[in-house]
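In the text below, chain A, chain B and the rest are named by the order of the sequence lines, each starting its count at 1.
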Protein chains: 2
Amino acid sequence: MGSYEKKLREFLLQGDRNFLPHISIDCVIFGFHDNQLKVLLLKWKDQGSWSVPGGFVKRKESLDASAKRVLKERTGLKDIFLRQFQVFGDPHRERGKKSFKIIGTSKSWIMDRFITVGYWALVEFSKVTPRPDWLSDECQWWDVQQIPSLIYDHNSIVTKALEALRLSLNDQPVGYNLLPQTFTMPELQRLYETILGVSLDRRNFQKKMLALDVLERLPERKTGGAHKAPFLYKFDKKKYERAMQKGLSFGFQ
Amino acid sequence: MGSYEKKLREFLLQGDRNFLPHISIDCVIFGFHDNQLKVLLLKWKDQGSWSVPGGFVKRKESLDASAKRVLKERTGLKDIFLRQFQVFGDPHRERGKKSFKIIGTSKSWIMDRFITVGYWALVEFSKVTPRPDWLSDECQWWDVQQIPSLIYDHNSIVTKALEALRLSLNDQPVGYNLLPQTFTMPELQRLYETILGVSLDRRNFQKKMLALDVLERLPERKTGGAHKAPFLYKFDKKKYERAMQKGLSFGFQ
DNA sequence: CCAAAAGTGTTGCCTTTACACCCATGT
DNA sequence: ACATGGGTGTAAAGGCAACACTTTTGG
(Lines give C-alpha, C1' and ligand atoms only; values in the text may rest on other atoms or scores of the structure.)
Protein backbone atom coordinates (compact mmCIF):
# COMPACT_ATOMS: atom_id res chain seq x y z
CA MET A 1 0.00 0.00 0.00
CA GLY A 2 1.49 3.32 -1.07
CA SER A 3 1.92 6.37 1.14
CA TYR A 4 -1.02 8.10 -0.48
CA GLU A 5 -3.35 5.16 0.15
CA LYS A 6 -2.21 4.93 3.74
CA LYS A 7 -2.78 8.61 4.34
CA LEU A 8 -6.18 8.49 2.69
CA ARG A 9 -7.24 5.47 4.70
CA GLU A 10 -6.31 7.15 7.96
CA PHE A 11 -8.03 10.36 6.91
CA LEU A 12 -11.23 8.53 6.05
CA LEU A 13 -11.28 6.50 9.23
CA GLN A 14 -10.00 8.98 11.76
CA GLY A 15 -10.14 12.45 10.24
CA ASP A 16 -12.97 13.38 12.56
CA ARG A 17 -10.57 13.23 15.50
CA ASN A 18 -9.05 16.44 14.22
CA PHE A 19 -11.93 17.93 12.29
CA LEU A 20 -15.53 18.78 13.07
CA PRO A 21 -17.87 16.36 11.33
CA HIS A 22 -20.59 17.59 8.97
CA ILE A 23 -18.90 20.94 8.39
CA SER A 24 -16.62 21.99 5.57
CA ILE A 25 -15.48 25.22 4.00
CA ASP A 26 -15.04 26.05 0.33
CA CYS A 27 -13.10 28.98 -1.07
CA VAL A 28 -13.73 30.69 -4.37
CA ILE A 29 -10.41 32.37 -5.05
CA PHE A 30 -10.53 35.23 -7.55
CA GLY A 31 -7.57 36.57 -9.46
CA PHE A 32 -7.25 39.03 -12.32
CA HIS A 33 -4.95 38.46 -15.27
CA ASP A 34 -4.92 39.30 -18.97
CA ASN A 35 -7.95 41.49 -18.43
CA GLN A 36 -9.90 38.48 -17.23
CA LEU A 37 -11.34 37.48 -13.91
CA LYS A 38 -10.05 34.04 -12.93
CA VAL A 39 -10.96 31.39 -10.39
CA LEU A 40 -8.55 28.86 -8.91
CA LEU A 41 -9.73 25.25 -9.24
CA LEU A 42 -8.44 21.83 -8.21
CA LYS A 43 -8.54 18.56 -10.13
CA TRP A 44 -9.07 15.46 -8.01
CA LYS A 45 -6.64 12.61 -8.36
CA ASP A 46 -9.00 9.72 -8.78
CA GLN A 47 -11.96 11.14 -10.60
CA GLY A 48 -10.41 13.80 -12.72
CA SER A 49 -13.26 16.12 -11.86
CA TRP A 50 -12.74 19.71 -10.83
CA SER A 51 -13.70 21.47 -7.63
CA VAL A 52 -13.25 24.62 -5.65
CA PRO A 53 -10.48 24.41 -3.02
CA GLY A 54 -11.92 23.47 0.34
CA GLY A 55 -11.21 21.85 3.62
CA PHE A 56 -12.42 21.04 7.07
CA VAL A 57 -12.55 22.88 10.34
CA LYS A 58 -10.17 21.81 13.07
CA ARG A 59 -11.82 21.24 16.39
CA LYS A 60 -10.29 24.33 18.00
CA GLU A 61 -10.10 26.54 14.96
CA SER A 62 -12.36 29.38 13.89
CA LEU A 63 -14.02 29.26 10.48
CA ASP A 64 -11.98 32.18 9.20
CA ALA A 65 -8.81 30.46 10.34
CA SER A 66 -9.79 27.32 8.44
CA ALA A 67 -10.38 29.34 5.32
CA LYS A 68 -7.05 31.13 5.72
CA ARG A 69 -5.29 27.82 6.19
CA VAL A 70 -6.80 26.46 2.97
CA LEU A 71 -5.94 29.65 1.10
CA LYS A 72 -2.37 29.60 2.27
CA GLU A 73 -1.95 25.96 1.31
CA ARG A 74 -3.29 26.48 -2.20
CA THR A 75 -1.76 29.85 -3.03
CA GLY A 76 1.26 30.21 -0.79
CA LEU A 77 -0.09 33.55 0.43
CA LYS A 78 -1.06 34.64 3.88
CA ASP A 79 -3.03 37.77 4.80
CA ILE A 80 -5.50 37.14 2.03
CA PHE A 81 -8.61 39.28 1.78
CA LEU A 82 -11.58 36.97 2.29
CA ARG A 83 -15.26 37.13 3.08
CA GLN A 84 -17.76 34.55 4.16
CA PHE A 85 -20.73 34.77 1.85
CA GLN A 86 -23.14 31.88 2.25
CA VAL A 87 -23.72 28.49 3.82
CA PHE A 88 -24.78 25.68 1.55
CA GLY A 89 -26.81 23.21 3.52
CA ASP A 90 -28.86 21.12 1.16
CA PRO A 91 -29.23 17.67 2.75
CA HIS A 92 -28.46 16.04 -0.60
CA ARG A 93 -25.05 17.55 -1.01
CA GLU A 94 -22.67 14.73 -0.12
CA ARG A 95 -18.95 14.95 -0.15
CA GLY A 96 -16.98 12.13 -1.59
CA LYS A 97 -19.69 9.51 -1.72
CA LYS A 98 -18.50 8.35 -5.10
CA SER A 99 -14.91 9.31 -4.83
CA PHE A 100 -13.89 7.28 -1.84
CA LYS A 101 -15.63 4.00 -2.48
CA ILE A 102 -12.55 2.62 -4.13
CA ILE A 103 -10.63 2.58 -0.90
CA GLY A 104 -12.95 0.04 0.59
CA THR A 105 -13.82 1.84 3.78
CA SER A 106 -17.52 1.44 3.70
CA LYS A 107 -18.11 3.74 6.63
CA SER A 108 -16.38 7.09 6.93
CA TRP A 109 -17.25 10.41 8.56
CA ILE A 110 -16.65 11.97 5.17
CA MET A 111 -19.59 10.19 3.61
CA ASP A 112 -22.05 11.81 6.01
CA ARG A 113 -24.02 14.87 5.18
CA PHE A 114 -21.99 18.08 5.07
CA ILE A 115 -22.91 21.69 5.21
CA THR A 116 -20.27 23.98 3.78
CA VAL A 117 -19.40 27.58 4.51
CA GLY A 118 -18.62 29.47 1.31
CA TYR A 119 -15.83 32.06 1.22
CA TRP A 120 -14.68 34.26 -1.58
CA ALA A 121 -11.14 35.58 -1.62
CA LEU A 122 -9.15 38.07 -3.64
CA VAL A 123 -5.51 37.53 -4.52
CA GLU A 124 -2.91 39.25 -6.60
CA PHE A 125 -2.56 36.89 -9.52
CA SER A 126 1.18 37.25 -10.03
CA LYS A 127 1.99 36.44 -6.42
CA VAL A 128 0.21 33.11 -6.42
CA THR A 129 1.92 29.79 -6.89
CA PRO A 130 -0.97 27.37 -7.33
CA ARG A 131 -0.38 24.17 -5.36
CA PRO A 132 -2.54 21.04 -5.50
CA ASP A 133 -3.41 19.40 -2.19
CA TRP A 134 -2.68 15.76 -1.47
CA LEU A 135 -6.03 14.69 -2.91
CA SER A 136 -5.61 16.52 -6.20
CA ASP A 137 -3.06 16.52 -8.97
CA GLU A 138 -3.70 19.90 -10.54
CA CYS A 139 -4.39 23.39 -9.28
CA GLN A 140 -5.08 25.88 -11.99
CA TRP A 141 -6.66 29.20 -12.88
CA TRP A 142 -9.84 29.16 -14.94
CA ASP A 143 -11.44 32.02 -16.72
CA VAL A 144 -14.62 32.87 -14.84
CA GLN A 145 -16.56 32.71 -18.09
CA GLN A 146 -15.36 29.18 -18.82
CA ILE A 147 -15.68 27.24 -15.61
CA PRO A 148 -15.96 23.49 -16.32
CA SER A 149 -18.53 21.24 -14.73
CA LEU A 150 -17.63 20.92 -11.05
CA ILE A 151 -18.42 18.33 -8.37
CA TYR A 152 -21.56 18.49 -6.22
CA ASP A 153 -22.96 22.01 -6.06
CA HIS A 154 -19.64 23.75 -6.69
CA ASN A 155 -20.83 25.42 -9.88
CA SER A 156 -23.58 27.04 -7.89
CA ILE A 157 -21.07 28.02 -5.19
CA VAL A 158 -18.94 29.80 -7.79
CA THR A 159 -21.99 31.56 -9.21
CA LYS A 160 -23.10 32.74 -5.80
CA ALA A 161 -19.58 33.87 -4.95
CA LEU A 162 -19.48 35.95 -8.10
CA GLU A 163 -22.81 37.53 -7.20
CA ALA A 164 -21.50 38.29 -3.73
CA LEU A 165 -18.35 39.81 -5.23
CA ARG A 166 -20.47 42.01 -7.49
CA LEU A 167 -22.46 43.27 -4.55
CA SER A 168 -19.29 43.97 -2.61
CA LEU A 169 -17.73 45.92 -5.42
CA ASN A 170 -19.24 49.14 -4.11
CA ASP A 171 -17.88 49.04 -0.59
CA GLN A 172 -15.03 46.59 -0.51
CA PRO A 173 -11.48 47.27 -1.67
CA VAL A 174 -11.74 44.88 -4.58
CA GLY A 175 -9.33 46.66 -6.89
CA TYR A 176 -6.84 47.06 -4.09
CA ASN A 177 -6.69 43.31 -3.50
CA LEU A 178 -6.85 42.02 -7.06
CA LEU A 179 -4.41 44.29 -8.85
CA PRO A 180 -0.64 44.48 -8.55
CA GLN A 181 0.96 47.40 -6.74
CA THR A 182 0.93 49.57 -9.82
CA PHE A 183 -1.59 49.45 -12.61
CA THR A 184 -3.10 51.62 -15.30
CA MET A 185 -6.51 53.21 -15.38
CA PRO A 186 -7.65 51.05 -18.31
CA GLU A 187 -6.64 47.96 -16.34
CA LEU A 188 -8.68 49.07 -13.36
CA GLN A 189 -11.57 49.72 -15.69
CA ARG A 190 -11.37 46.23 -17.24
CA LEU A 191 -11.48 44.84 -13.72
CA TYR A 192 -14.74 46.60 -13.01
CA GLU A 193 -16.16 45.74 -16.39
CA THR A 194 -15.31 42.07 -16.06
CA ILE A 195 -16.81 41.76 -12.59
CA LEU A 196 -19.94 43.70 -13.45
CA GLY A 197 -20.28 42.23 -16.90
CA VAL A 198 -20.89 45.59 -18.58
CA SER A 199 -18.82 48.16 -20.41
CA LEU A 200 -18.26 51.58 -18.93
CA ASP A 201 -17.42 54.95 -20.38
CA ARG A 202 -13.66 55.49 -20.24
CA ARG A 203 -13.80 59.18 -19.37
CA ASN A 204 -16.52 58.99 -16.77
CA PHE A 205 -14.85 56.01 -15.16
CA GLN A 206 -11.61 57.88 -14.73
CA LYS A 207 -13.33 60.96 -13.38
CA LYS A 208 -15.29 58.99 -10.81
CA MET A 209 -12.33 56.91 -9.77
CA LEU A 210 -10.05 59.92 -9.31
CA ALA A 211 -12.79 61.76 -7.43
CA LEU A 212 -12.66 59.05 -4.75
CA ASP A 213 -9.22 60.42 -3.96
CA VAL A 214 -7.61 57.08 -3.17
CA LEU A 215 -5.26 56.82 -6.13
CA GLU A 216 -1.85 58.27 -6.66
CA ARG A 217 -0.53 58.84 -10.14
CA LEU A 218 3.08 57.81 -10.54
CA PRO A 219 5.58 59.79 -12.59
CA GLU A 220 6.25 56.88 -14.97
CA ARG A 221 4.01 55.53 -17.65
CA LYS A 222 3.51 51.94 -18.62
CA THR A 223 5.74 51.34 -21.63
CA GLY A 224 6.04 48.39 -23.94
CA GLY A 225 2.46 48.16 -25.16
CA ALA A 226 1.34 49.45 -28.50
CA HIS A 227 -0.28 52.89 -28.74
CA LYS A 228 -0.03 55.76 -26.32
CA ALA A 229 1.55 54.80 -23.01
CA PRO A 230 -0.97 55.00 -20.15
CA PHE A 231 -0.07 56.42 -16.74
CA LEU A 232 0.67 54.14 -13.84
CA TYR A 233 -1.28 54.47 -10.60
CA LYS A 234 -1.12 52.96 -7.17
CA PHE A 235 -3.48 53.06 -4.24
CA ASP A 236 -2.48 55.64 -1.64
CA LYS A 237 -2.75 53.53 1.47
CA LYS A 238 -3.40 56.36 3.92
CA LYS A 239 -6.06 58.02 1.82
CA TYR A 240 -7.48 54.62 1.07
CA GLU A 241 -7.95 53.61 4.66
CA ARG A 242 -9.39 56.97 5.59
CA ALA A 243 -11.88 56.69 2.76
CA MET A 244 -12.81 53.11 3.63
CA GLN A 245 -13.57 54.11 7.21
CA LYS A 246 -15.82 56.89 6.06
CA GLY A 247 -17.65 54.38 3.92
CA LEU A 248 -16.27 54.58 0.44
CA SER A 249 -18.61 54.09 -2.43
CA PHE A 250 -17.10 52.83 -5.66
CA GLY A 251 -20.60 52.94 -7.07
CA PHE A 252 -20.69 51.91 -10.68
CA GLN A 253 -23.96 50.95 -12.29
CA MET B 1 -38.86 12.93 37.69
CA GLY B 2 -41.23 15.31 35.92
CA SER B 3 -42.08 15.23 32.25
CA TYR B 4 -39.86 18.21 31.53
CA GLU B 5 -36.84 16.63 33.21
CA LYS B 6 -37.43 13.39 31.34
CA LYS B 7 -37.68 15.16 28.00
CA LEU B 8 -34.61 17.23 28.73
CA ARG B 9 -32.61 14.18 29.76
CA GLU B 10 -33.49 12.35 26.58
CA PHE B 11 -32.72 15.43 24.48
CA LEU B 12 -29.32 15.86 26.07
CA LEU B 13 -28.38 12.20 25.76
CA GLN B 14 -29.88 11.30 22.41
CA GLY B 15 -30.76 14.51 20.59
CA ASP B 16 -27.99 13.88 18.11
CA ARG B 17 -29.88 10.91 16.75
CA ASN B 18 -32.29 13.37 15.18
CA PHE B 19 -30.09 16.43 14.83
CA LEU B 20 -26.74 17.18 13.26
CA PRO B 21 -24.11 17.73 15.95
CA HIS B 22 -22.07 20.95 16.08
CA ILE B 23 -24.58 22.89 13.99
CA SER B 24 -27.37 25.17 15.12
CA ILE B 25 -29.43 27.95 13.67
CA ASP B 26 -30.52 31.20 15.28
CA CYS B 27 -33.27 33.49 14.03
CA VAL B 28 -33.49 37.21 14.62
CA ILE B 29 -37.19 37.88 14.08
CA PHE B 30 -38.07 41.49 13.33
CA GLY B 31 -41.49 43.03 13.77
CA PHE B 32 -42.76 46.59 13.61
CA HIS B 33 -45.23 48.02 16.10
CA ASP B 34 -45.95 51.39 17.69
CA ASN B 35 -43.48 52.97 15.29
CA GLN B 36 -40.73 50.80 16.72
CA LEU B 37 -38.65 47.99 15.31
CA LYS B 38 -38.97 44.93 17.58
CA VAL B 39 -37.12 41.66 18.02
CA LEU B 40 -38.65 38.47 19.40
CA LEU B 41 -36.69 36.96 22.31
CA LEU B 42 -36.99 33.89 24.55
CA LYS B 43 -36.36 33.57 28.26
CA TRP B 44 -34.85 30.28 29.35
CA LYS B 45 -36.56 28.35 32.10
CA ASP B 46 -33.63 27.61 34.35
CA GLN B 47 -31.36 30.57 34.00
CA GLY B 48 -33.77 33.38 33.36
CA SER B 49 -31.44 34.73 30.69
CA TRP B 50 -32.67 35.82 27.28
CA SER B 51 -31.75 34.54 23.87
CA VAL B 52 -32.68 34.66 20.23
CA PRO B 53 -34.95 31.78 19.13
CA GLY B 54 -32.93 28.97 17.67
CA GLY B 55 -32.80 25.28 17.06
CA PHE B 56 -31.01 22.42 15.46
CA VAL B 57 -30.91 20.91 12.02
CA LYS B 58 -32.63 17.57 11.51
CA ARG B 59 -30.50 15.02 9.76
CA LYS B 60 -32.53 15.13 6.54
CA GLU B 61 -33.59 18.76 6.65
CA SER B 62 -32.22 21.75 4.78
CA LEU B 63 -30.99 24.76 6.73
CA ASP B 64 -33.80 26.95 5.44
CA ALA B 65 -36.31 24.30 6.47
CA SER B 66 -34.86 24.25 9.99
CA ALA B 67 -35.18 27.98 10.21
CA LYS B 68 -38.74 27.88 8.95
CA ARG B 69 -39.60 25.20 11.49
CA VAL B 70 -38.24 27.33 14.32
CA LEU B 71 -40.04 30.40 13.04
CA LYS B 72 -43.33 28.57 12.79
CA GLU B 73 -42.99 27.17 16.28
CA ARG B 74 -42.27 30.56 17.84
CA THR B 75 -44.65 32.75 15.85
CA GLY B 76 -47.37 30.44 14.56
CA LEU B 77 -46.70 31.70 11.03
CA LYS B 78 -45.56 29.83 7.99
CA ASP B 79 -44.30 31.37 4.75
CA ILE B 80 -42.13 33.80 6.61
CA PHE B 81 -39.67 35.99 4.73
CA LEU B 82 -36.20 34.99 5.88
CA ARG B 83 -32.59 35.38 4.86
CA GLN B 84 -29.44 33.67 5.95
CA PHE B 85 -26.94 36.36 6.82
CA GLN B 86 -23.87 34.98 8.58
CA VAL B 87 -22.31 31.97 10.23
CA PHE B 88 -20.90 32.41 13.69
CA GLY B 89 -18.12 29.93 14.17
CA ASP B 90 -15.91 31.10 17.00
CA PRO B 91 -14.55 27.96 18.72
CA HIS B 92 -15.31 29.49 22.11
CA ARG B 93 -19.02 29.86 21.57
CA GLU B 94 -20.60 27.02 23.54
CA ARG B 95 -24.23 26.25 23.77
CA GLY B 96 -25.71 25.32 27.09
CA LYS B 97 -22.51 24.57 28.96
CA LYS B 98 -23.77 26.29 32.06
CA SER B 99 -27.44 25.73 31.58
CA PHE B 100 -27.54 21.99 31.49
CA LYS B 101 -25.16 21.07 34.28
CA ILE B 102 -28.00 20.82 36.72
CA ILE B 103 -29.41 17.79 35.03
CA GLY B 104 -26.40 15.72 35.87
CA THR B 105 -25.57 14.48 32.42
CA SER B 106 -21.91 15.17 32.38
CA LYS B 107 -21.49 14.35 28.70
CA SER B 108 -23.90 15.59 26.06
CA TRP B 109 -23.64 16.40 22.36
CA ILE B 110 -25.02 19.80 23.25
CA MET B 111 -21.95 20.73 25.24
CA ASP B 112 -19.66 20.36 22.23
CA ARG B 113 -18.58 23.21 20.07
CA PHE B 114 -21.33 24.64 17.86
CA ILE B 115 -21.30 26.80 14.81
CA THR B 116 -24.56 28.59 14.21
CA VAL B 117 -26.16 29.85 11.03
CA GLY B 118 -27.77 33.24 11.57
CA TYR B 119 -31.08 34.09 9.91
CA TRP B 120 -33.08 37.27 10.02
CA ALA B 121 -36.79 37.17 9.40
CA LEU B 122 -39.57 39.69 8.89
CA VAL B 123 -43.06 39.17 10.27
CA GLU B 124 -46.24 41.14 10.46
CA PHE B 125 -46.40 42.01 14.13
CA SER B 126 -50.16 41.70 14.58
CA LYS B 127 -50.26 38.20 13.12
CA VAL B 128 -47.76 36.76 15.55
CA THR B 129 -48.68 34.81 18.66
CA PRO B 130 -45.38 34.50 20.48
CA ARG B 131 -44.94 31.00 21.91
CA PRO B 132 -42.12 29.87 24.19
CA ASP B 133 -40.48 26.54 23.39
CA TRP B 134 -40.21 23.75 25.93
CA LEU B 135 -36.94 25.09 27.24
CA SER B 136 -38.20 28.62 27.82
CA ASP B 137 -40.99 30.16 29.80
CA GLU B 138 -41.38 33.48 28.00
CA CYS B 139 -41.40 34.63 24.40
CA GLN B 140 -41.67 38.35 24.01
CA TRP B 141 -41.06 41.33 21.75
CA TRP B 142 -38.25 43.70 22.68
CA ASP B 143 -37.62 47.12 21.30
CA VAL B 144 -34.52 46.91 19.13
CA GLN B 145 -33.03 49.86 20.99
CA GLN B 146 -33.43 48.14 24.36
CA ILE B 147 -32.25 44.58 23.90
CA PRO B 148 -31.18 43.08 27.25
CA SER B 149 -27.98 41.16 27.78
CA LEU B 150 -28.29 37.88 25.91
CA ILE B 151 -26.56 34.50 26.24
CA TYR B 152 -23.30 33.68 24.45
CA ASP B 153 -22.77 35.87 21.42
CA HIS B 154 -26.45 36.54 20.81
CA ASN B 155 -26.11 40.29 21.29
CA SER B 156 -23.60 40.32 18.49
CA ILE B 157 -25.91 38.14 16.38
CA VAL B 158 -28.71 40.68 16.79
CA THR B 159 -26.38 43.54 15.92
CA LYS B 160 -25.15 41.80 12.80
CA ALA B 161 -28.70 40.91 11.78
CA LEU B 162 -29.69 44.53 12.08
CA GLU B 163 -26.75 45.55 9.92
CA ALA B 164 -27.77 42.94 7.35
CA LEU B 165 -31.34 44.20 7.44
CA ARG B 166 -30.12 47.75 6.82
CA LEU B 167 -28.11 46.66 3.83
CA SER B 168 -31.09 44.73 2.47
CA LEU B 169 -33.42 47.67 2.82
CA ASN B 170 -32.56 48.83 -0.68
CA ASP B 171 -33.37 45.68 -2.56
CA GLN B 172 -35.51 43.48 -0.37
CA PRO B 173 -39.24 43.90 0.20
CA VAL B 174 -38.81 44.92 3.81
CA GLY B 175 -41.86 47.13 4.09
CA TYR B 176 -43.97 44.54 2.35
CA ASN B 177 -43.16 41.92 4.95
CA LEU B 178 -43.16 44.02 8.11
CA LEU B 179 -46.30 46.11 7.67
CA PRO B 180 -49.93 45.02 7.78
CA GLN B 181 -51.92 44.82 4.57
CA THR B 182 -52.84 48.48 4.71
CA PHE B 183 -50.77 51.24 6.19
CA THR B 184 -50.21 54.96 5.92
CA MET B 185 -47.31 56.77 4.32
CA PRO B 186 -46.12 58.16 7.67
CA GLU B 187 -46.06 54.62 9.07
CA LEU B 188 -43.96 53.41 6.16
CA GLN B 189 -41.67 56.35 6.72
CA ARG B 190 -41.24 55.56 10.43
CA LEU B 191 -40.30 52.03 9.40
CA TYR B 192 -37.49 53.28 7.20
CA GLU B 193 -36.38 55.82 9.76
CA THR B 194 -36.27 53.26 12.55
CA ILE B 195 -34.29 50.74 10.55
CA LEU B 196 -31.86 53.30 9.18
CA GLY B 197 -31.66 55.28 12.39
CA VAL B 198 -32.10 58.64 10.69
CA SER B 199 -34.96 61.01 9.99
CA LEU B 200 -36.12 61.63 6.45
CA ASP B 201 -37.96 64.45 4.74
CA ARG B 202 -41.67 63.69 4.63
CA ARG B 203 -42.26 65.14 1.17
CA ASN B 204 -39.26 63.65 -0.54
CA PHE B 205 -39.94 60.29 1.05
CA GLN B 206 -43.46 60.19 -0.32
CA LYS B 207 -42.35 61.29 -3.76
CA LYS B 208 -39.64 58.66 -3.97
CA MET B 209 -41.85 55.92 -2.61
CA LEU B 210 -44.69 56.65 -5.01
CA ALA B 211 -42.26 56.91 -7.90
CA LEU B 212 -41.37 53.25 -7.36
CA ASP B 213 -44.88 52.52 -8.53
CA VAL B 214 -45.52 49.60 -6.19
CA LEU B 215 -48.12 51.21 -3.93
CA GLU B 216 -51.82 51.57 -4.40
CA ARG B 217 -53.71 54.30 -2.61
CA LEU B 218 -56.99 53.10 -1.14
CA PRO B 219 -60.16 55.18 -1.20
CA GLU B 220 -60.44 55.25 2.62
CA ARG B 221 -58.32 57.17 5.03
CA LYS B 222 -57.11 56.07 8.41
CA THR B 223 -59.52 57.55 10.90
CA GLY B 224 -59.45 57.63 14.67
CA GLY B 225 -56.15 59.40 15.20
CA ALA B 226 -55.85 63.03 16.05
CA HIS B 227 -55.11 65.55 13.29
CA LYS B 228 -55.65 65.20 9.59
CA ALA B 229 -56.49 61.66 8.53
CA PRO B 230 -53.74 60.12 6.38
CA PHE B 231 -54.47 58.01 3.31
CA LEU B 232 -54.23 54.26 3.48
CA TYR B 233 -51.99 52.40 1.05
CA LYS B 234 -51.31 48.81 0.20
CA PHE B 235 -48.68 47.16 -1.91
CA ASP B 236 -49.88 46.31 -5.40
CA LYS B 237 -48.68 42.74 -5.62
CA LYS B 238 -48.37 42.54 -9.40
CA LYS B 239 -46.52 45.80 -9.77
CA TYR B 240 -44.44 44.87 -6.77
CA GLU B 241 -43.23 41.58 -8.19
CA ARG B 242 -42.54 43.10 -11.56
CA ALA B 243 -40.48 45.81 -9.93
CA MET B 244 -38.60 43.34 -7.73
CA GLN B 245 -37.61 41.29 -10.76
CA LYS B 246 -36.29 44.33 -12.54
CA GLY B 247 -34.21 45.07 -9.46
CA LEU B 248 -36.07 47.57 -7.39
CA SER B 249 -34.09 50.16 -5.53
CA PHE B 250 -35.69 51.63 -2.43
CA GLY B 251 -32.54 53.68 -2.02
CA PHE B 252 -32.68 55.98 0.95
CA GLN B 253 -29.54 57.54 2.34
C1' DC C 1 -59.55 78.73 17.06
C1' DC C 2 -55.27 76.67 17.66
C1' DA C 3 -51.73 73.11 17.58
C1' DA C 4 -50.12 69.26 15.31
C1' DA C 5 -49.91 66.33 11.52
C1' DA C 6 -50.75 65.40 6.50
C1' DG C 7 -51.13 66.57 1.46
C1' DT C 8 -48.90 68.82 -2.43
C1' DG C 9 -45.44 71.51 -5.84
C1' DT C 10 -41.27 74.28 -7.06
C1' DT C 11 -36.56 75.54 -7.25
C1' DG C 12 -31.70 75.06 -7.32
C1' DC C 13 -27.84 72.13 -6.99
C1' DC C 14 -25.10 68.45 -7.82
C1' DT C 15 -24.23 64.12 -9.77
C1' DT C 16 -24.29 61.42 -13.85
C1' DT C 17 -24.24 60.79 -18.73
C1' DA C 18 -23.19 61.63 -23.27
C1' DC C 19 -20.09 63.08 -26.36
C1' DA C 20 -15.55 65.24 -29.38
C1' DC C 21 -11.02 66.52 -29.91
C1' DC C 22 -6.16 65.97 -29.40
C1' DC C 23 -2.00 63.07 -28.42
C1' DA C 24 1.21 59.18 -28.51
C1' DT C 25 2.95 54.83 -30.34
C1' DG C 26 3.83 50.59 -33.23
C1' DT C 27 3.17 48.86 -37.76
C1' DA D 1 0.39 57.90 -42.46
C1' DC D 2 -2.78 55.57 -40.05
C1' DA D 3 -5.12 52.75 -36.91
C1' DT D 4 -5.68 52.13 -32.21
C1' DG D 5 -5.90 53.28 -27.71
C1' DG D 6 -5.17 56.97 -24.07
C1' DG D 7 -5.74 61.73 -21.90
C1' DT D 8 -8.89 65.60 -21.01
C1' DG D 9 -13.15 69.00 -20.87
C1' DT D 10 -17.88 70.56 -21.60
C1' DA D 11 -22.80 70.72 -22.03
C1' DA D 12 -27.38 68.62 -21.21
C1' DA D 13 -30.26 65.78 -18.37
C1' DG D 14 -31.92 63.73 -14.49
C1' DG D 15 -32.18 62.88 -9.68
C1' DC D 16 -32.12 64.62 -5.04
C1' DA D 17 -32.43 67.78 -1.33
C1' DA D 18 -34.26 71.96 0.57
C1' DC D 19 -38.14 74.33 1.39
C1' DA D 20 -43.58 76.87 2.16
C1' DC D 21 -48.19 76.91 2.01
C1' DT D 22 -52.70 74.82 2.51
C1' DT D 23 -55.89 71.38 4.64
C1' DT D 24 -57.85 68.60 8.18
C1' DT D 25 -58.84 67.10 12.79
C1' DG D 26 -59.29 66.79 17.96
C1' DG D 27 -59.25 69.39 21.95
* Kindly write out the residues that satisfy salt bridge (charged side-chain N to carboxylate O under 4.0 Å, His left out) with Lys43(A), not counting sequence neighbours, or none if the list is empty. => Glu138(A)
* Rounded off to whole Å, could you give me the CG-to-P distance for the Leu218(B) and dG7(C) pair? => 13 Å
* Asked: Okay, side chain of Glu220(A), backbone of Phe231(A): is any donor-acceptor separation there less than 3.5 Å?
  -> no
* To do: Could you tell me which residues satisfy ring pair (Phe, Tyr, Trp, His ring centres under 6.0 Å) with His227(A), sequence neighbours excluded, listed by chain and number?
  => none
* Can you pull the ring pair (Phe, Tyr, Trp, His ring centres under 6.0 Å) pairs that have at least one residue in residues 165-184 of chain B, sequence neighbours excluded? -> Tyr176(B)-Phe235(B), Tyr176(B)-Tyr240(B), Phe183(B)-Phe235(B)
* To do: Please list all pairs passing the salt bridge (Lys or Arg N to Asp or Glu O under 4.0 Å) test where one or both residues lie in residues 161-190 of chain B, with sequence neighbours left out.
  => Glu187(B)-Lys222(B), Arg190(B)-Glu193(B)
Could you list the donor-acceptor pairs under 3.5 angstrom formed by side chains in residues 73-80 of chain B, with sequence neighbours left out?
from: Arg74(B); atom 1: NE; to: Arg131(B); atom 2: O; distance (Å): 2.6
from: Arg74(B); atom 1: NH2; to: Pro132(B); atom 2: O; distance (Å): 3.4
from: Thr75(B); atom 1: OG1; to: Leu71(B); atom 2: O; distance (Å): 2.6
from: Thr75(B); atom 1: OG1; to: Leu77(B); atom 2: N; distance (Å): 3.1

Side chains of residues 140-147 of chain A: which donor-acceptor partners sit under 3.5 Å, not counting sequence neighbours?
from: Asp143(A); atom 1: OD1; to: Gln145(A); atom 2: N; distance (Å): 3.0

* To do: Identify, with sequence neighbours excluded, every residue that meets salt bridge (charged side-chain N to carboxylate O under 4.0 Å, His left out) alongside Lys239(A).
  => Asp213(A)
* Value in whole Å for how far the P atom of dG6(D) lies from CG of Leu188(A) -> 13 Å
* Give the B/S/- string for nucleotides 8-13 of chain D, one per nucleotide from 5' to 3', where a protein heavy atom under 4.0 Å of the base yields B, of only the sugar-phosphate yields S, and otherwise -. => BBB---
* Spacing of Leu232(B) atom CG relative to dA6(C) atom C1', expressed in whole Å -> 13 Å
Every protein N/O within reach of nucleotides 22-27 of chain D N/O, cut-off under 3.5 Å:
from: dT24(D); atom 1: O2; to: Lys228(B); atom 2: N; distance (Å): 3.3
from: dT25(D); atom 1: O4'; to: His227(B); atom 2: O; distance (Å): 3.3

* Asked: Between dT4(D) atom C1' and Lys222(A) atom NZ, what is the distance in whole Å?
  -> 17 Å
* Asked: Atom CZ of Phe205(B) and atom P of dA18(D): how far apart are they, to the nearest Å?
  -> 16 Å
* What's the CG-P distance between Leu200(B) and dA17(D), to the nearest Å? -> 9 Å
